[in-house]
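Okay, structure first, notes after.
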Amino acid sequence: MFNVMPAAIPDLSEPIWTSRLVARLERAAAAIGRLDARVSASPAAAPWQRRATWTGYSTALQVQGAEIDEIDIFGRECAVNLPGRPPMPTNLDDRDALPIWQRQLAQRESRYWRDELAISTDVPEDWSQRPALLRALEITARRSRADSTITPWLAVPGLLRSMKITQAVLPCLTIGDKALRLSPRDTQAIVLRNLRSLTDRAEEGLVRLQALEEDRLRAAAALHGAHRPGKLLDLLSLVQFVPVVSPRMLARRLDVTISGAGKLLSRAAELDLLVEVSGRQAWRTYMTRDLAIAFGFGVRPVGRPPAPPQALPDFVPALAEFDREMAELDSMLAGLGIDVSAHHH
């Protein structure tokens, strides 16, 4: 064996510029900017954030090699066993990781990345002139080489905010790539791949935010037209935060009988506010339409989906009541410092 000098690890913030890379960088920045602007102004921001943490967390687990899909985390966090899903792998010893991350994301100030002792903080002189997203990738690569756990991937949304790339914290922008941990030779491919991941996550986040906003309008329209809206209001605001529901879980949450919960769910499904995804099992399971489609349960409607109702003046009171209920749920969840799933079976 003869000694080979270790090659310097390439800096991802200094790639070889090609028109493809420029186009991909612009697309990623634009997609992130659009999502950030919408989340910052959205009436559905709180439930969106919560769901987006489940999405980001699923991504990070998958990068670490966990054999799970996003739907498994959604089911677990909503305390519902989903039809046709294998049980969660037992080696996922992570009961606390998600709530800890959610609490970190909720703290307004984030640490400056150069305060971390474990990573190299030497930066070239023109560092601040380099594109921010590429600097974020380089910092993530350094973190991932210093820490082999899930943490560097979960740190991406907070990093984007602390670098002022986003105003809001956008947990769905969790990305991860095993190749960042090896001293990468193939810098171009890594940069292109991760910019595409950021773009895809941001675009999907926007689609999901739009679905949440439409659900909110459709719920208010249904409440406005409802004969006795009572428990329906509770159900519809709950599913913004807990989008996967079963009669048993709902009976416990809303303090009604299981058969009363079943009737409520059927009513919401008739109004097309929830979709039943039970398949052939005895216990019934429902989820919001956009998730049913995303997770491969929902049948996409043929033709154009019905346009969401415009917020007409006559159902403004219903919308206000719905938003009040959502705000109450949000502060209740925050006050408990828990996920809704904490009182698991």
Side-chain angles (χ1 to χ4, degrees), residues 43-51 53-54 71 73-83 98-99 102 211-279 281-292 295 297-298 315 317-345:
W48 180 86
Q49 286 278 5
R50 193 178 151 70
R51 294 185 195 185
T53 61
W54 301 342
I71 184 174
I73 296 294
F74 271 69
R76 181 178 86 177
E77 295 308 310
C78 295
V80 172
N81 295 319
L82 284 157
L98 179 57
Q102 287 169 324
L212 259 164
E213 290 176 357
E214 288 173 13
D215 281 350
R216 170 180 166 269
L217 289 177
R218 288 221 303 273
L223 291 166
H224 174 68
H227 174 45
R228 283 201 302 259
K231 290 284 178 189
L232 190 61
L233 170 64
D234 296 344
L235 167 64
L236 296 180
S237 46
L238 180 68
V239 296
Q240 291 252 315
F241 291 95
V242 188
V244 184
V245 279
S246 67
R248 176 165 286 131
M249 176 271 246
L250 194 64
R252 207 172 54 219
R253 293 296 312 246
L254 298 187
D255 203 20
V256 292
T257 63
I258 288 187
S259 90
K263 289 193 183 98
L264 260 180
L265 287 165
S266 303
R267 190 170 164 204
E270 278 159 26
L271 292 166
D272 201 28
L273 299 166
L274 290 175
V275 180
E276 185 176 354
V277 296
S278 318
Q281 66 184 21
W283 62 92
R284 288 149 64 205
T285 309
Y286 293 81
M287 61 179 72
T288 56
R289 173 177 286 284
D290 70 305
L291 293 182
F295 295 151
F297 287 108
F315 74 75
L319 202 54
E321 185 164 4
F322 185 66
D323 286 346
R324 226 183 358 264
E325 185 81 13
M326 274 189 6
E328 216 165 281
L329 259 174
D330 183 40
S331 59
M332 190 181 87
L333 294 172
L336 294 169
I338 54 153
D339 289 320
V340 172
S341 65
H343 33 270
H344 221 51
H345 314 299

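Position 1 is the first residue of the sequence, and the numbers go up from there. Hydrogens, waters and symmetry mates play no part in the numbers below; they use all other heavy atoms, side chains included.
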Grab the two heavy atoms, one from [X] and one from [Y], that are nearest each other, plus how far apart they are.
X	Y	answer
V275	A292	CB-CB, 4.2 Å
Q102	T53	NE2-OG1, 2.8 Å
A261	A251	CB-N, 3.8 Å
D272	R218	O-NH2, 3.3 Å
V80	S246	CG2-N, 4.0 Å
R252	A79	NH2-CB, 4.3 Å

Is there a side-chain contact between [X] and [Y] in this structure, where contact means two heavy atoms from C-beta onward sitting under 4.5 Å apart?
X	Y	value
L250	Y286	no
V245	T285	no
L291	V277	no
F74	R51	yes
R253	L238	yes
L235	R267	no
L82	M287	yes
D290	E214	no

Nearest-0.5 Å distance, [atom1] of residue [X] to [atom2] of residue [Y]:
X	Y	atom1	atom2	value
R248	R284	CZ	CZ	12.5 Å
L264	L254	CG	CG	7.0 Å
D215	E213	CG	CD	10.5 Å
F241	M326	CZ	CE	5.5 Å
L217	H224	CG	NE2	13.5 Å
R216	L212	CZ	CG	10.5 Å

Go through it in stages, so that I can follow the logic: the residues are L98 and E77, the test is side-chain contact (heavy atoms from CB on, under 4.5 Å), and I'd like the CA-CA distance, side-chain angles, deciding distance and then a yes or no. CA-CA 10 Å; L98 179 57; E77 295 308 310; 3.4 Å; yes
Given the rule in the side-chain contact (heavy atoms from CB on, under 4.5 Å) test, do L271 and L232 qualify, once you have shown the distances and angles that lead to the verdict? CA-CA 11 Å; L271 292 166; L232 190 61; 3.9 Å; yes
